[in-house]
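One structure is given below, encoded as structure tokens.
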Amino acid sequence: MVIDRFEDEKVEVVFAYFPVWEMFFSMHVLVDSDHHLYRRRWVKRISEKEPELVKHMIDMSAATDKWLFVIDSPKWSQMRQMEIEELISCLQEKNIYQWNDMIEYTGRRMDIAGRDAVIRVIKEYYERVFMREERLLRPYLTRILQKEQELCKRLGIWRWCEGIHPRLLVEGDCLVYCKNREYCYQKTHVHRIYAMASTFVNPHLWLYKGDGELEMVKEVLTEQAEEEIPNDCVLVFKALGDHTRLKIVKLLMQGTLTTQEISLKMGISEAGVSKHLRILNQAGLVRKSMKGHYVEYHFLTERIDFIPYTFYEMMM
């Protein structure tokens, strides 16, 4: 799903949410969980809920390149914009020769039974696990990408890329990915960049290169490293658990306001408004800035967008 498409520095920039990418990377996290400390609670929940399915996925790790065989394949560019059900149908329609051509980069080959077993696990995982996950993730990641494309337009594509990962370097006329070795790409050879966001990519620096294309995946952290309920989530729920503060939130969702303007609209003192705004600010629900001699407040909608997924992650 393309969020926005524009040109900058002679590069076509495409901000997009690819549900297929997010699903396969979530499968990778399940079978390689020791490397993904910020998804431990999610892995534990899914493993306890679907132990047999996760076991099958782990057993197939070698054959599927830890379930990255679709998004790491040279054929990925033909599938990246598919919806998940569409992708599953596409995989089912491939004959064994097309299938082995797709996974040739792994150095492995499959027979028909192996291919069918992999497709069956993908379908079961989507229907039993990821379909629900995706309904929660799509609106949240879409909102994140909308914010990121606005930032990218302000900064320019190369400065935006610098913020993707500490091991992605923009040096003069090239981009350098510091992974198992350095991968260097000349800016003049890059004609299109797909800009994405993921809740599963951390701590990886993702690298996919097509014909003049690169993919940039920005991490979105959804968990704390420790196993307890994150304090910032508690602050959000406490901040919203008050009738007056909810009225203030409703006003701010209609536009930026100063303390004085909120006071007039609600008929309460400026001191009272300031007290409630301080609590909302501590919870990360509002951002304040100076407007002349006054402080104005802007409501951060992305914090609300993330509440359903936060609650789901904490309580399951």
Lys123 atom NZ: more than 12 heavy-atom contacts under 6.0 Å: no
Any donor-acceptor pair under 3.5 Å from Thr259 side chain to Ser274 backbone: no
Reported NE2-to-CE distance for the pair His28 and Met57, which is rounded to 0.5 angstrom: 11.0 Å
Main-chain N/O of Ile268 paired to Ser263 side chain as donor or acceptor, under 3.5 Å: yes
Asp65 vs Arg108 side-chain heavy atoms within contact, under 4.5 Å: no
Met102 and Met79: CA distance, side-chain angles, deciding distance, side chain to side chain contact (heavy atoms under 4.5 Å, CB included) verdict: CA-CA 11 Å; Met102 179 180 68; Met79 299 181 284; 3.9 Å; yes
Ion pair Arg45/Glu133, N-O distance below 4.0 Å: yes
Note, Val29 side chain near Tyr38 side chain (heavy atom, < 4.5 Å): no
Same apolar cluster (I L V M F W Y, side chains within < 4.5 Å links), Leu257/Leu246: yes
Cation over ring face, Arg138 and Tyr17, 6.0 Å, 45°: no
Close side-chain approach of Leu277 to Leu252, heavy-atom, < 4.5 Å: yes
Single-linkage hydrophobic cluster, 4.5 Å side-chain cutoff, Val121 and Met110 together: yes
Inter-residue atom distance Glu22.CD - Glu134.CD, 0.5 Å rounding: 9.0 Å
Intermediate values then yes/no, side chain to side chain contact (heavy atoms under 4.5 Å, CB included), Glu162 and Leu155: CA-CA 10 Å; Glu162 287 179 323; Leu155 297 178; over 6 Å; no
Non-hydrogen side-chain atoms of Cys152 and Ile157 separated by less than 4.5 Å: yes
Side chains of Leu285 and Leu240 in contact at under 4.5 Å (non-hydrogen atoms): yes
Side chain proximity check, Trp21 to Val201, heavy atoms < 4.5 angstrom: yes
Donor-acceptor contact present, side-chain His165 to main-chain Val217, <3.5 Å: no
Nearest heavy-atom neighbours spanning Cys90 and Met82: SG-CE, 3.9 Å
Arg167 (side chain) donor-acceptor with Cys178 (main chain) under 3.5 angstrom: yes
Lys/Arg cation over aromatic Tyr183: Lys209, 6.0 Å, 45° cone: no
Closest non-hydrogen atom pair, Asn281 against Val286: OD1-O, 3.3 Å
Side chain proximity check, Gln146 to Asp4, heavy atoms < 4.5 angstrom: no
Within one Ile-Leu-Val-Met-Phe-Trp-Tyr cluster: Tyr297 and Ile279, side-chain cutoff 4.5 Å: no
Under 3.5 Å: donor-acceptor pair, side chain of Arg39, backbone of Thr199: yes
Atom NZ of Lys94: over 12 foreign heavy atoms under 6.0 Å: yes
Verify same cluster id: Phe130, Ile119 (apolar side-chain graph, 4.5 Å): yes
Salt-bridge criterion met for Asp101 and Lys75 (N-O under 4.0 Å): yes
Criterion side chain to side chain contact (heavy atoms under 4.5 Å, CB included) on His191 and Asp211, from CA distance to verdict: CA-CA 9 Å; His191 308 303; Asp211 184 16; over 6 Å; no
Gap between atom CG of Asn100 and atom CZ of Arg109 - 0.5 Å precision: 4.0 Å
Reported CG-to-OH distance for the pair Leu214 and Tyr185, which is rounded to 0.5 angstrom: 6.5 Å
Sub-6.0 Å ring centroid separation between Tyr194 and Trp206: no
Neighbour count >12 (heavy atoms, 6.0 Å) for atom CD, Glu86: yes
Non-hydrogen atoms of Leu280 and Val249 that approach each other most closely: CD2-CG2, 4.0 Å
Verdict with supporting geometry, Arg80 and Glu213, salt bridge (Lys or Arg N to Asp or Glu O under 4.0 Å): CA-CA 13 Å; Arg80 62 160 63 97; Glu213 297 179 344; 3.2 Å; yes
Side-chain donor/acceptor of Gln260 to backbone N/O of Glu270, under 3.5 Å: no
Tyr294 atom OH: more than 12 heavy-atom contacts under 6.0 Å: no
Separation of Cys174 SG from His189 NE2 (nearest 0.5 Å): 11.0 Å
Derivation of the side chain to side chain contact (heavy atoms under 4.5 Å, CB included) call for Met23 and Tyr125: CA-CA 9 Å; Met23 183 181 79; Tyr125 176 73; 3.7 Å; yes
Check: Ala239 main-chain N/O paired with Arg245 side-chain donor or acceptor under 3.5 Å: yes
Pair Arg128 + Glu50: basic N to acidic O under 4.0 Å: yes
Interatomic spacing from CD1 in Ile58 to CG in Leu30 - rounded to 0.5 Å: 8.0 Å
Same cluster (ILVMFWY, side-chain, under 4.5 Å), Val11 and Val176: no
Validation row: Phe25, Phe18 side chains within 4.5 angstrom (heavy atoms): no
Non-hydrogen atoms of Lys66 and Asp32 that approach each other most closely: NZ-OD1, 3.7 Å
Sub-6.0 Å ring centroid separation between Trp160 and Phe15: yes
CD (Glu85) with more than 12 external heavy atoms under 6.0 Å: no
From CA spacing to verdict: salt bridge (Lys or Arg N to Asp or Glu O under 4.0 Å), Glu48, Lys44: CA-CA 6 Å; Glu48 290 176 350; Lys44 182 175 183 292; 2.8 Å; yes
Donor-acceptor contact present, side-chain Lys288 to main-chain Arg278, <3.5 Å: no
Over 12 foreign heavy atoms within 6.0 Å of NZ, Lys247: no
Derivation and outcome, salt bridge (Lys or Arg N to Asp or Glu O under 4.0 Å), residues Asp59 and Lys55: CA-CA 6 Å; Asp59 291 343; Lys55 182 180 183 302; 3.1 Å; yes
Residue pair Leu145 / Ala197: nearest heavy atoms and the distance that separates them: CD2-N, 3.7 Å
Minimum heavy-atom distance between Gly210 and Tyr208, given as atom pair plus value: N-CE2, 3.9 Å
